[in-house]
Colleague: 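Before anything else, here's the structure in question.
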Amino acid sequence: MGSEHSDAVTASGLPRPFLGYGLGLRPDYYEEILNTLPAVDWFEVLSENYMVDGGKPLYYLDRVREHYPMVMHGVSLSIGGTDPLDRDYLQRLKQLAARIEPEWISDHLCWTGVHGYNLHDLMPLPYTQETVRHVADRVSQVQDFLGRQILLENVSSYVSYRHSEMSEWEFFSAVAEAADCLMLFDINNVYVSARNHGFDPEAYLYGVPPERVRQFHLAGHTDYGDYVIDTHDHPIIDAVWELYVKSLQHFGPVSTMIERDDRMPPFNELLQELQQARQLGERVLQAA
Amino acid sequence: MDKALQALQTAFYRQIVAGEAEICNQIESSAAMPASERVSIYANAYWSRLVEVLATDYPALQGILGEEDFTELGNAYIAAYPSTYFSLRWFGRSLATFLATQQPWQAQPWLAELAAVEWAFVDAFNAAEAEIVTASDIQALAPQDWPGLSFRFHPSVACLDLHWCVMAQWQAYRESTPLPAAEACEPPQTVLFWRHQRVTRYRVLEVDEAPVLRQAMEGANFATLCELLADSHAVEAVALRAASLLKRWLTDGLVCRLLTDV
């Protein structure tokens, strides 16, 4: 177990770009963001929300982009799916990237549908060597098409498959290595899945290659006692903050953002939560 | 392609949409939670997420039906029209058709029309951008251009013919006032939907305007539109009426291009 601060370099040996502390761009806050230009270092946008022909979403996207760096985060790539990759989707993703020139593009290590039907959910994969090869091959196709590396995010899960051959973090790492892609390390998802499956979240944290981690997600969830659901509708809990501190100690500076998708609070509350992430980050990184 | 993975995904999909339990054999149970309960988290999320999408696109319909009946409708629709596109933007597009063809909703034909109205707003909200033509653009035309003049409309512009007075219901829902009973519209109304300055709008067309606008949207030129107006107006009133309709279309921001046939 290493808790030492690793160097902030990427798999290619180049310094890891650090955007600072960001929030998700959500329609509830469009006007307030443009009117007040808050102290947010960058925004993460949900790619699919802007794959429309026109109207308010694209208008606000362009206006906000004039003031802030952005990254694109998708939910529909279905990188672990068994249907062919959706070329229409990829084309639209590329068009959106050309429009807003994001720092990077991410999606989830999961599948979202089968036989042409879409479940609109982040479905877990079995952790097998065969799945590693399957996913890595598809990531390579996507990276070739987009002409850039992508980030894959670990999802929250509620089931695990009996025929899995490895831990989730071994699987996540093996895919990233085999596909030569980057990682979006969702700290809340690690916590949620650790609770749901009874593993040690720190084992996960110390089990992924730091040089591939490009971004953190923080979020709240709903705790039902026997299980936890990744709802993004509550403030971040202390246990996730603690895991965030350990992640910073282990990975060094990593661009961090807070996801909030439901029960939207006043924007100021999110800014305060982001300030907490910033203060913890600065404290840990200065001490390192 | 990974056949075993495809079989797993198929079994999981069948569990979610049809309650088939086969996938549970592949899933770990724990002391706190058996496999079936774990799988049901995904199934519950699927149905409730898609009903929520429908509620977002059809808020007035949900308000009129009430949450319980709307959920029943939503579940029936999800089963009939499972999502096949990556974006949820299109998921609800067939709800009006579904309501018009399935009992018990078919027996209340105003429900399908209300759904069509709400979907028209969704379409107008998401339509492509286009620069609009202003009154000064049209003043620059030479007199000889007028008879052959035709118009390209903003991509958000659409018309719906309504046989039930659902706009009154929609308006009442929006204003949180008591809902009027569904009444037949006699004659039917034509309602125009569009987006102007990022706001979706609607307007009930006047009886003589509806056929003229529809023809104009299909590319008819100004002379043809005037002939159409001659069916309902005295000859000397036609030019004035045509000019007044055109002025309105321009003020509303409906027209994005003037086409002259020279």
Side-chain angles (χ1 to χ4, degrees), chain A residues 47-49 51-60 74-78 80-84 86 88-89 92-93 111-126 128 130-131 133-135 137 157-164 195-198 224-227 229 231 262, chain B residues 1-14 16-17 23-33 35-46 49-50 52-53 82-91 122-130 154-156 195 197-200:
Chain A
S47 308
E48 289 77 6
N49 289 1
M51 292 182 183
V52 289
D53 294 328
K56 266 187 192 173
L58 287 172
Y59 170 83
Y60 283 106
V75 294
S76 304
L77 187 57
S78 201
T82 48
D83 288 353
D86 184 338
D88 175 37
Y89 175 75
R92 285 168 176 266
L93 195 67
W111 59 285
T112 63
V114 67
H115 302 302
Y117 296 113
N118 202 319
L119 289 166
H120 301 285
D121 201 351
L122 308 172
M123 306 296 295
L125 288 160
T128 66
E130 194 165 353
T131 313
R133 284 191 292 274
H134 173 76
V135 176
D137 175 60
S157 65
Y158 314 103
V159 302
S160 53
Y161 301 102
R162 289 185 173 162
H163 63 292
S164 282
R195 283 276 308 274
N196 289 336
H197 304 300
Y224 292 93
D226 285 344
Y227 60 98
I229 294 194
T231 45
D262 210 348
Chain B
M1 207 256 297
D2 185 331
K3 287 280 174 202
L5 184 59
Q6 187 189 50
L8 176 149
Q9 293 175 351
T10 305
F12 213 145
Y13 178 77
R14 295 296 308 162
I16 288 171
V17 301
I23 187 66
C24 295
N25 300 329
Q26 300 189 55
I27 289 179
E28 300 271 13
S29 288
S30 64
M33 273 185 99
S36 59
E37 237 175 88
R38 289 175 174 270
V39 163
S40 70
I41 293 174
Y42 290 94
N44 294 339
Y46 172 76
R49 178 184 313 107
L50 292 180
E52 199 178 312
V53 169
S83 179
T84 56
Y85 194 54
F86 70 79
S87 172
L88 288 164
R89 144 82 175 98
W90 298 100
F91 173 62
V122 172
D123 276 340
F125 181 87
N126 288 302
E129 301 292 344
H154 190 274
S156 66
R195 186 181 76 229
Q197 295 171 337
R198 297 186 301 284
V199 178
T200 51

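Below, read A as the first sequence line, B as the second, and so on, with proteins coming before strands; counting in each chain starts at 1. Source: prediction; values computed, not measured.
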Colleague: Looking at chain B, which one of A:Tyr89, A:Tyr227, A:Tyr59 has the largest number of heavy-atom pairs inside 4.5 Å, strictly under?
Modeller: A:Tyr59
Colleague: Can we say A:Asp88 and A:Arg92 salt-bridge, meaning some charged N sits less than 4.0 Å from an Asp/Glu carboxylate O?
Modeller: yes
Colleague: Nearest heavy-atom pair of A:Glu130 and B:Asp2: which atoms, and what distance?
Modeller: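 Taking A:Glu130 first and B:Asp2 second, the nearest heavy atoms are CG-OD2, 3.3 Å.
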Colleague: If you take all heavy atoms of A:Gly74 and A:Ser47, which pair is closest and at what distance?
Modeller: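 Between these two residues, the closest heavy atoms are N-OG, 3.7 Å.
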Colleague: Between B:Ile16 and chain A, with a heavy-atom cut-off of 4.5 Å, which part of the residue counts as in contact: side chain, backbone, both or neither?
Modeller: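 Contact with chain A is through the side chain of B:Ile16 alone.
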Colleague: May I ask you to test the A:Trp111-A:Asp83 pair for a side-chain heavy-atom distance under 4.5 Å?
Modeller: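 Of all side-chain heavy-atom pairs linking A:Asp83 with A:Trp111, none is under 4.5 Å.
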Colleague: Top residue by heavy-atom pair count (under 4.5 Å) with chain A, among B:Ser29, B:Ala32, B:Ser83?
Modeller: B:Ser83
Colleague: Which atoms of B:Ile41 come close to chain A, meaning under 4.5 Å heavy atom to heavy atom: side chain ones, backbone ones, both, or neither?
Modeller: side chain
Colleague: To check you understand the geometry: which heavy-atom pair defines the closest contact between A:Thr112 and A:Asn118, and what is its length?
Modeller: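 Shortest heavy-atom separation between A:Thr112 and A:Asn118 comes out as O-OD1, 3.1 Å.
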Colleague: Could you look at B:Ala45 and say if it's the side chain, the backbone, both or neither that has a heavy atom under 4.5 Å from chain A?
Modeller: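 Contact with chain A is through the side chain of B:Ala45 alone.
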Colleague: Can you tell me which of A:His197, A:His120, A:Met51 forms the most heavy-atom pairs within a distance under 4.5 Å of chain B?
Modeller: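 If we count pairs closer than 4.5 Å to chain B, A:His120 comes out on top.
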Colleague: Which atoms of A:His115 come close to chain B, meaning under 4.5 Å heavy atom to heavy atom: side chain ones, backbone ones, both, or neither?
Modeller: side chain
Colleague: State plainly whether the residues B:Arg195 and B:Asp123 are in salt-bridge range, i.e. N to O under 4.0 Å.
Modeller: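 Salt bridge between B:Arg195 and B:Asp123, a charged N being under 4.0 Å from a carboxylate O: no.
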Colleague: For B:Ser30, which atoms come within 4.5 Å of any heavy atom of chain A: side chain, backbone, both, or neither?
Modeller: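 Looking at B:Ser30, nothing touches chain A.
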Colleague: Which bit of A:Leu77 comes within less than 4.5 Å of chain B, counting heavy atoms only: side chain, backbone, both or neither?
Modeller: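 Answer is neither: A:Leu77 stays 4.5 Å or more from chain B.
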Colleague: Taking all heavy atoms of A:Pro126 and all of A:His163, pick out the closest pair and write down the distance.
Modeller: CB-NE2, 3.5 Å
Colleague: Which residue out of A:Leu58, A:Val114, A:Val52 racks up the most heavy-atom pairs below 4.5 Å with chain B?
Modeller: A:Val114
Colleague: Quick one: does A:Asn196's side chain have a donor or acceptor within less than 3.5 Å of a partner on A:Ser157's backbone?
Modeller: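 Yes; judged by distance alone, with no hydrogens or angles, the pair exists.
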Colleague: Is A:Ser78 close to chain B through its backbone or its side chain, or both, or neither, when contacts mean heavy atoms under 4.5 Å?
Modeller: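 Neither the backbone nor the side chain of A:Ser78 comes within 4.5 Å of chain B.
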Colleague: So which residue, A:Lys56, A:Met123, A:Arg162, ends up with the most heavy-atom pairs under 4.5 Å with chain B?
Modeller: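 Going by pairs under 4.5 Å, I would pick A:Arg162.
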